[in-house]
Amino acid sequence: MSGDVTVISGPTAVGKGTVVRALKERHPEVWVSVSATTRAPRPGEVDGQHYWFLSNAAFDELLAADDLLEWAVVHGRDRYGTPAGAVLGAMDRGERVILEIDLQGARQVRARLPQARLVFIAPPDWDELVARLVGRGTENAEQRERRLHTARGELAAADEFDHIVVNDDVGRAVDELVDLLGL
Ligand code: 5GP
């Protein structure tokens with residue numbers, strides 16, 4: 001299927017979400033997919049806006065119906081997936097589609113949609129990544145350890161991506177993305 005799809009991935013706490021939000025503010029015409037997840041909402045997160053927050057049973061139903069473009073267990077615990085119908089519909093309409101997903105998901109999208117542009121958001125360095133994760137204060141020590149463990153593996157996979165954008169400054173990283181996407 002043809003269509004303009006950009007996958008934005010990268011390790012935990014690198015600021016992928018912030019970069020994608022800033023891109024959307026600058027270019028409201030981009031179409032950002034809302035993922036389904038079994039993770040509990042964080043304070044302030046809205047169902048249908050940040051994620052579709054699902055029970056395990058509801059996520060199982062999506063899987064059984066083959067309604068996910070890709071899905072993965074992230075940080076060894078919760079399941080996350082991209083609703084296929086919404087994304088394929090947006091591609092059909094000619095939207096500029098953005099998926100903010102983890103490395104496992106990025107690989108699945110590459111296999112299913114070979115034309116997808118894969119962008120890896122990288123931290124300036126490892127210490128900065130740790131500092132950002134601790135600084136945002138949304139995970140306890142055990143969750144942070146799990147996320148940093150995942151992050152090490154993800155950083156090692158950066159060269160599988162078409163482009164690497166270093167998030168040293170959100171505005172600058174967005175400039176680079178705007179260029180890559182030809183917006
Ligand atoms: P968080 O729980 O912090 O919102 O997200 C944890 C991780 O899940 C992030 O790395 C994010 O990119 C990833 N993620 C979010 N949605 C999806 C999805 O639909 N599929 C996959 N594979 N990963 C996702």
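Positions are given from 1 along the sequence. Values below: all heavy atoms of this structure, side chains included; hydrogens, waters and symmetry mates excluded. Order of appearance sets the numbers: ligands from 1, and atoms from 1 within every ligand.
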At a 4.0 Å cut-off, with the gap strictly under it, does some heavy atom of Arg147 reach an atom of ligand 1?
-> yes
Nearest to atom 13 (C) of ligand 1, what protein heavy atom do you find, and at what distance?
-> Asp102 N, 3.9 Å
min-distance protein heavy atom vs atom 20 (N) of ligand 1 -> Glu70 OE2, 2.7 Å
among protein heavy atoms, the one nearest atom 5 (O) of ligand 1 is Tyr51 OH, 3.3 Å
Under 3.5 Å: N/O of Gly10 near N/O of ligand 1 | no
Would you find a donor on one side and an acceptor on the other, under 3.5 Å apart, between the side chain of Arg144 and the backbone of Glu139?
-> yes
Report the nearest protein non-hydrogen atom to atom 12 (O) of ligand 1: residue, atom name, distance rounded to 0.1 Å.
-> Glu100 OE2, 3.1 Å
Can you tell me which residue pairs pass the salt bridge (Lys or Arg N to Asp or Glu O under 4.0 Å) test with a partner in residues 68-89, sequence neighbours excluded?
-> Asp60-Arg79
What's the shortest distance from atom 16 (N) of ligand 1 to any protein heavy atom, and which residue and atom give it?
-> Ser35 OG, 3.0 Å
Identify the protein heavy atom lying closest to atom 14 (N) of ligand 1, giving its residue, its atom name and the separation to 0.1 Å.
-> Tyr80 CD2, 3.8 Å
Nearest to atom 3 (O) of ligand 1 by heavy atom, Lys16, Arg42, Arg39: which?
-> Arg42
In this structure, which one of Val178, Leu177, Leu183 forms a side-chain contact (heavy atoms from CB on, under 4.5 Å) with Arg26?
-> Val178
Among protein heavy atoms, which lies nearest atom 7 (C) of ligand 1, and at what distance?
-> Val74 CG1, 3.6 Å
Does a side-chain N-to-carboxylate-O contact under 4.0 Å join Glu128 and Arg132?
-> yes
What pairs of residues pass the ring pair (Phe, Tyr, Trp, His ring centres under 6.0 Å) test when at least one of them lies in residues 156-179, not counting sequence neighbours?
-> Phe120-Phe161
